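Notes follow the structure.
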Amino acid sequence: MRKNLVWYILFFTIAVIYPHFVDPSWVDIGTTFALYSVVALSQDIVLGKAGMFDMGHATFFGIGAYTAAILNTVYNIPIIYTIPIAIALSALFGIIISWPIIHLRGDYLLVATIGFNIIFYQALQNNLFGLTGGPNGIFGIGAPVIFGINISSQRAIYYFAWFILLITMLIIYNIDKSKLGRAFHYLRESEIAAESFGVNKRFYKVLAFALGAGVASLAGVIFAVQYAAVSPETFNFTQSVLFFTIVIVGGPSSIPGILLGTFVMFVVPQFFREFATARYFVFGIAMILTMILRPQGIWPAKFGKLPKYLTKES
Amino acid sequence: MEIFLQQIVNGLAIGSIYALVAIGYTMVYGVMKLINFAHGDLVALAAYVGLTVLMQAFGMHLSNLWAVILMFTVTAMFISLFGIILERLAYRPLRKAPRLSAVVSALGASLAIENGIMLIWGPNIKVFPSNIFPSTRWHISGVVINSTQIAILLLSIILMIALYIFINRTKIGTAIRASAIDQDAAKLMGINVNGIIIAIFALGSFLGSIGGLFIGIYYRELYFQMGWIYGLNAFIAAIIGGIGNIPGAMLGGMLLGIFNVLIAGYVSNTWSEALTFALLIIILIIKPTGILGERVAEKV
Amino acid sequence: MLLQLNNVFKTFGGIVAINNLSFEVRNNQILGLIGPNGAGKTTVFNCITGIYKPEKGTIYFDGKNITGLKPHVISKLGIARTFQTIRLFPSMSVAENIMAGRHTKCRQTWFDSLIRTPKYFKDEKENWLKIKYYIDLLKLSEYTTSIVSSLPYGLQRKVEIARALASEPKLLILDEPAAGLNNKETQELVDLIYQIKAMGITILLIEHDMDMMMSLAEYIIVMNFGEKIAEGIPSEIQSNPQVIEAYLGSE
Amino acid sequence: MKLKNLLWVVVSLIFVLSFSSSYAAGVIKIGVQAPITGPFANEGQGIDNAVKMLVEQQNAKGGLLGKKLEVVTCDDEGTAVGGAICARKLVNDGVIAVIGTYSSTPAESAEPIYARAGVLQTSDATADSLTKHGYWTFFRNSCPNSAEATFTADFLVKKMHFKRIVVLSDYSTYSSDLADATVAALKKIGGNVIYKGKIQAGSQNFTPILTKIKAMNPDVIYFSGYYTDGGLIRAQQVALGIKAAFVGGDSNDNPEFFKLAGKSANGVYMINVPRPDILPYPLAKEFLRDYQAKYHMMPPSIWTLFNADGLRAIMYAIEKTKTTDTKKLAAFLHNLKNFPGITGPITFTKDGERAGSRFMAYEIYNNNQYKVVYKED
């Protein structure tokens with residue numbers, strides 16, 4: 001417990017001083033790393049914790065980004081107020097989308113979630129209600145103002161994104177160490193046993209989707225701010241595959257695992273932007289090797305970390 | 001009416017290609033419970049290998065017919081072997097691992113094959129020569145049918161019937177079905193499950209390679225990411241039919257081909273993908289394991 | 001009367017699994033359900049716990065009609081069970097597995113969980129201490145943090161029972177609890193079941209070990225081909241010709 | 001626990017290593033921001049190849065201002081994220097100008113970063129908004145959609161007198177914007193658009209929409225997308241017995257179109273800037289010959305040539321102004337008039353828009369021969 005805390009403090013300390021030592025492209029990478037980690041952690045609520053095969057999570061990320069973009073550019077609502085709206089809307093979508101398909105078994109659910117992602121993507125491309133801007137997307141999204149500070153410089157956005165990551169990690173930690181997280185895990189491990197002990201399957205599964213959708217949407221808003229623009233291909237099915245892969249490669253239901261997964265799947269390829277053509281060939285093979293060497297993920301989740309008063313010999 | 005018939009004819013041609021590719025997904029899934037996301041890229045690889053073989057054959061001044069025969073045999077053999085090697089290297093080490101780890105391994109294989117094609121054949125499109133099949137067109141009361149479509153449809157149907165007989169009438173076929181129902185029990189009955197898995201990968205890759213060559217002959221355009229689109233469609237076809245069920249994959253492929261043309265032709269072209277997926281989701285909501293998939297009651 | 005089945009009927013794809021079955025379980029009774037393989041015993045359990053919906057007939061528990069209710073609702077009313085094939089949460093620890101039993105007793109809402117309200121802390125502590133009690137009760141304390149899939153079979157059985165007890169049920173359903181246990185473990189199990197009865201819990205039991213069943217059960221229902229063929233106290237059952245035939249005939 | 005420690009060490013080490021960035025004196029650095037991998041890999045690699053080739057040629061002639069040119073490439077994968085990261089990286093690497101990128105989204109996310117750093121950016125991306133932000137660093141090297149749209153509308157209505165027009169595009173920003181602009185231009189001069197549809201690029205099976213179009217009995221199908229789809233659309237159109245004429249936007253004009261369409265290519269009309277082999281642009285012929293000799297393939301599309309022109313304009317500016325001060329270069333470029341380019345004369349407006357491009361319509365005959373059928377007055 002203590003040891004973990006030390007690691008996390010070290011991790012965030014590095015994160016805080018990091019932008020002062022690297023060039024600006026790496027600050028951007030750091031920001032996007034934080035946001036992708038948030039999305040991956042939110043995907044993990046559904047995929048890793050509740051064990052539902054969700055391969056359409058970029059939908060919720062996109063709902064957040066587009067909600068903020070539309071509300072800000074069309075209705076001139078300050079970004080900071082779009083955050084709760086985006087979260088609520090995305091969570092609502094999560095509920096509506098998952099409700100009818102929640103009873104589907106593993107791979108069928110996977111296909112249904114892919115389907116929702118593709119429907120969402122086509123809706124963006126077709127300029128739904130004349131709001132999404134079609135293939136061009138939406139440009140000119142403003143910056144949030146918090147306590148009178150304008151979050152528009154590169155570093156300000158970086159710290160804001162990491163603050164969001166910190167909040168998300170706390171929420172995920174809280175989920176893990178509570179009735180809520182245990183219920184998700186029970187459902188993943190054995191649905192029948194979980195139901196037989198009073199876990200309301202439908203409620204918790206839909207709740208997992210709603211929570212996952214809400215958190216992903218939060219990352220989406222900041223993402224829209226970071227690039228001052230949103231466009232459809234950032235939220236397509238390929239992107240969902242990335243988030244899915246992050247969770248599995250890193251270690252389902254493991255916070256450090258998912259951070260490492262994001263690092264491996266998003267940051268590592270950044271080193272090779274200059275030797276471009278072969279990098280995804282090598283990367284594909286690396287993915288296979290990683291799974292073979294670490295089938296449970298790079299840093300698998302550990303269970304059995306219990307409150308002190310339980311494990312201490314009395 | 002002729003417009004409708006025209007759409008159906010075209011839908012069946014593309015549907016039969018989906019069906020051939022879908023069988024590869026469904027067979028692997030049936031025995032290993034693995035979504036082999038690399039299967040589509042194998043199909044694309046087949047088309048590229050086929051084109052290379054064909055060009056070599058023309059270079060050796062073979063006649064059209066012999067060149068095509070050579071293309072089919074060499075490609076089918078190469079891709080079947082490739083499928084076997086893929087299983088050995090990327091999936092077998094993960095057989096005891098969590099299911100999704102194998103899925104990620106498949107995604108990695110897909111990425112590697114796709115980018116491997118780009119490295120070998122370049123990022124630009126490649127075009128099949130147009131004169132390899134005699135292309136005759138028939139106008140039957142306003143409906144245009146060409147000889148390539150008929151050849152594809154007939155060959156696909158023959159292959160599927162052959163597969164059906166193989167699966168249902170031969171010893172290996174029975175062993176494959178047994179392994180699909182219960183791998184452990186099959187093992188106890190003395191079935192060499194490793195051998196069966198090699199067989200299904202060879203067979204699925206073989207049919208996929210034929211599908212890839214058909215794509216090359218029919219559409220004539222190859223690009224390195226094509227496998228992803230055909231793979232996804234074929235995977236959906238397998239799901240519609242009930243994944244794991246071989247006749248289901250055939251049915252699903254044909255249905256998807258027809259859905260595609262009817263939605264694009266009669267409902268909305270710009271929303272055709274969204275509507276296809278909406279239809280798929282509705283099918284799943286009503287029939288959670290696809291049309292021919294059986295609802296497996298979990299033993300408690 | 002704690003549990004009452006009236007003319008329960010259930011088929012699977014046209015095959016009758018339970019045919020017009022009726023029986024009653026009295027408060028704090030140990031009732032045994034026996035019958036040859038495939039007689040439909042586990043199906044009865046699954047109908048009671050809500051995993052299957054009976055097509056006809058009614059099931060009353062504690063005066064309430066529970067026919068066709070969802071498993072999690074039935075669980076909340078006070079029925080807990082173990083499974084014929086062990087169904088633990090394999091990658092979780094012993095304590096976390098047992099905690100599943102407390103799911104309906106934990107009073108924190110999902111929102112309390114998310115932001116850790118004072119209610120959350122109080123609730124967590126209360127329930128974990130209960131878990132400690134059941135772990136000690138079943139002498140599992142040295143395995144508290146062990147991952148259950150790494151435990152031997154006999155201990156896994158114990159964890160399952162502990163999990164069921166942790167839910168403080170009125171009715172405990174045990175589906176072949178002695179299967180796969182050695183003699184010593186079986187004896188421990190018998191002692192444990194008496195202990196559970198002493199806690200005021202009613203027990204419904206399927207068991208193939210006839211010696212154990214005859215010594216343990218106060219009343220026995222015999223099933224064959226989905227129907228009840230006999231019922232009575234152990235000594236009556238032992239001498240019942242129909243029962244003997246059912247067993248011998250099926251061998 | 002040891003493994004974990006090791007991992008963290010590796011993580012921090014990599015971060016530390018990434019601090020370093022090289023500065024070499026006596027070199028002018030040119031950046032390439034392009035989608036080297038991903039769905040537009042062919043286009044991105046084309047841009048990269050073209051820039052490297054032209055820079056090599058320039059260096060053989062002694063470079064510029066007595067300094068050698070050096071190319072720094074960054075793969076943006078065609079995404080907004082990649083665009084911004086590449087922009088930061090290239091700025092940090094000390095480039096003075098960036099060629100590319102290919103599509104609008106990454107160009108847009110990179111644009112403000114280049115503007116703030118004072119790095120010139122020349123891209124073929126066609127989204128109207130790119131030149132609307134007022135960034136002095138941005139120069140579009142392709143022709144704006146509106147010019148082509150007006151020309152196309154005139155050709156279809158005034159020259160060919162088509163009465164029943166079908167407009168098709170794909171979902172890319174370029175293609176759908178061009179289709180929208182063309183429909184608007186057609187409406188303005190009273191053209192009758194009976195159907196406007198979209199196809200999914202790369203889906204290869206276009207018969208559903210074509211069969212639907214067949215029933216509408218059009219006399220022309222105009223397609224604003226790429227040759228990779230256009231060639232197939234034309235082939236499938238003829239195979240279905242649809243008699244309508246086919247008019248392709250500039251991205252259809254590619255040798256591969258004829259391979260895909262085969263005999264059906266005959267009678268196709270292409271709208272494009274003047275072709276190298278028709279107008280006396282020795283530059284273009286030379287460029288294509290060199291490219292073919294160096295890379296053993298043709299450039300993937302016209303967009304490669306546009307970006308090559310962007311680079312040539314910048315190199316010309318450096319040569320003329322004898323400076324690498326981007327403010328002065330930009331001022332020079334904003335006043336550039338009729339600089340001979342591979343894709344026709346290059347003129348930039350004050351917004352960095354490329355102006356004064358002249359379009360022509362060609363008819364294809366004998367499988368791949370061109371003849372001019374219509375041009376702007």
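Each chain gets a letter, A, B and so on, in the order the sequences are listed, and its residues count up from 1. This is a predicted model, so every value here is computed, not measured.
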(request) Over all heavy atoms of both residues, which pair between Gln45(D) and Pro123(B) is shortest? Give the atoms and the distance, please. (result) OE1-CG, 3.1 Å

(request) Please lay out, stage by stage, how Asn205(D) and Tyr218(B) fare under the test side-chain contact (heavy atoms from CB on, under 4.5 Å). (result) CA-CA 10 Å; Asn205(D) 180 24; Tyr218(B) 189 44; 5.6 Å; no

Donor-acceptor contacts under 3.5 Å from residues 232-240 of chain B side chains, at least two apart:
residue, atom, partner, partner atom, Å
Asn233(B), ND2, Ile229(B), O, 3.2

(request) Output the option from Gly46(D), Ala239(D), Ala215(D) having the highest count of non-hydrogen pairs under 4.5 Å with chain B. (result) Ala239(D)

(message) With a 6.0 Å cut-off (strictly less than), is the heavy-atom count around OH of Tyr195(D), excluding the residue itself, greater than 12?
(response) yes

(request) With rounding to the nearest 0.5 Å, note down the distance linking CZ in Phe257(D) to CD1 in Ile125(B). (result) 11.0 Å

(request) Assess the side chains of Gln204(D) and Tyr230(B): does a donor N or O sit below 3.5 Å from an acceptor N or O? (result) yes

(request) Using non-hydrogen atoms and a 4.5 Å limit, figure out which bit of Ile3(B) sits close to chain D: side chain, backbone, both or neither. (result) both

(message) Please give me the minimum heavy-atom distance between Leu240(D) and Val144(B), naming the atom from each residue.
(response) O-CG2, 3.5 Å

(request) Please look at Val261(B) and chain D and tell me whether the side chain, the backbone, both or neither of the residue comes under 4.5 angstrom of a heavy atom of that chain. (result) both

(message) Give me the atom names and distance for the closest heavy-atom approach of Asn124(B) to Met298(D).
(response) ND2-O, 3.6 Å

(message) Is Gln225(B) close to chain D through its backbone or its side chain, or both, or neither, when contacts mean heavy atoms under 4.5 Å?
(response) side chain

(message) At a 4.5 Å cut-off on heavy atoms, which part of Leu260(D) comes close to chain B: side chain, backbone, both, or neither?
(response) both

(message) What's the separation between atom CD in Glu221(B) and atom CG in Leu232(D), rounded to the nearest 0.5 Å?
(response) 4.5 Å

(request) For Tyr171(D) and Thr270(B), indicate whether the former's side chain and the latter's backbone hold a donor-acceptor pair under 3.5 Å. (result) yes

(message) Is it the case that atom NZ in Lys263(D) sees more than 12 heavy atoms from other parts of the structure closer than 6.0 Å?
(response) no

(request) Can you tell which part of Tyr223(B) gets under 4.5 Å to a heavy atom of chain D, answering side chain, backbone, both or neither? (result) side chain

(message) Please classify the contact of Glu114(B) with chain D as side chain, backbone, both or neither, using a heavy-atom distance under 4.5 Å.
(response) neither

(request) Search all heavy atoms of Met118(B) against all heavy atoms of Ala41(D) and return the closest pair with its distance. (result) SD-CB, 3.6 Å

(request) Look at Lys198(D), Lys214(D), Met297(D) and state which one has the largest set of heavy-atom pairs under 4.5 Å with chain B. (result) Lys198(D)

(request) Counting only heavy atoms closer than 4.5 Å, note whether Gln236(D) contacts chain B via side chain, backbone, both or neither. (result) side chain

(request) Return yes when atom NE2 of His139(B) has more than 12 non-hydrogen atoms of other residues, nucleotides or ligands closer than 6.0 Å, and no otherwise. (result) yes

(request) Using non-hydrogen atoms and a 4.5 Å limit, figure out which bit of Ile145(B) sits close to chain D: side chain, backbone, both or neither. (result) neither

(request) Determine the minimum heavy-atom distance between Thr207(D) and Gln7(B), stating which atoms define it. (result) O-OE1, 3.9 Å

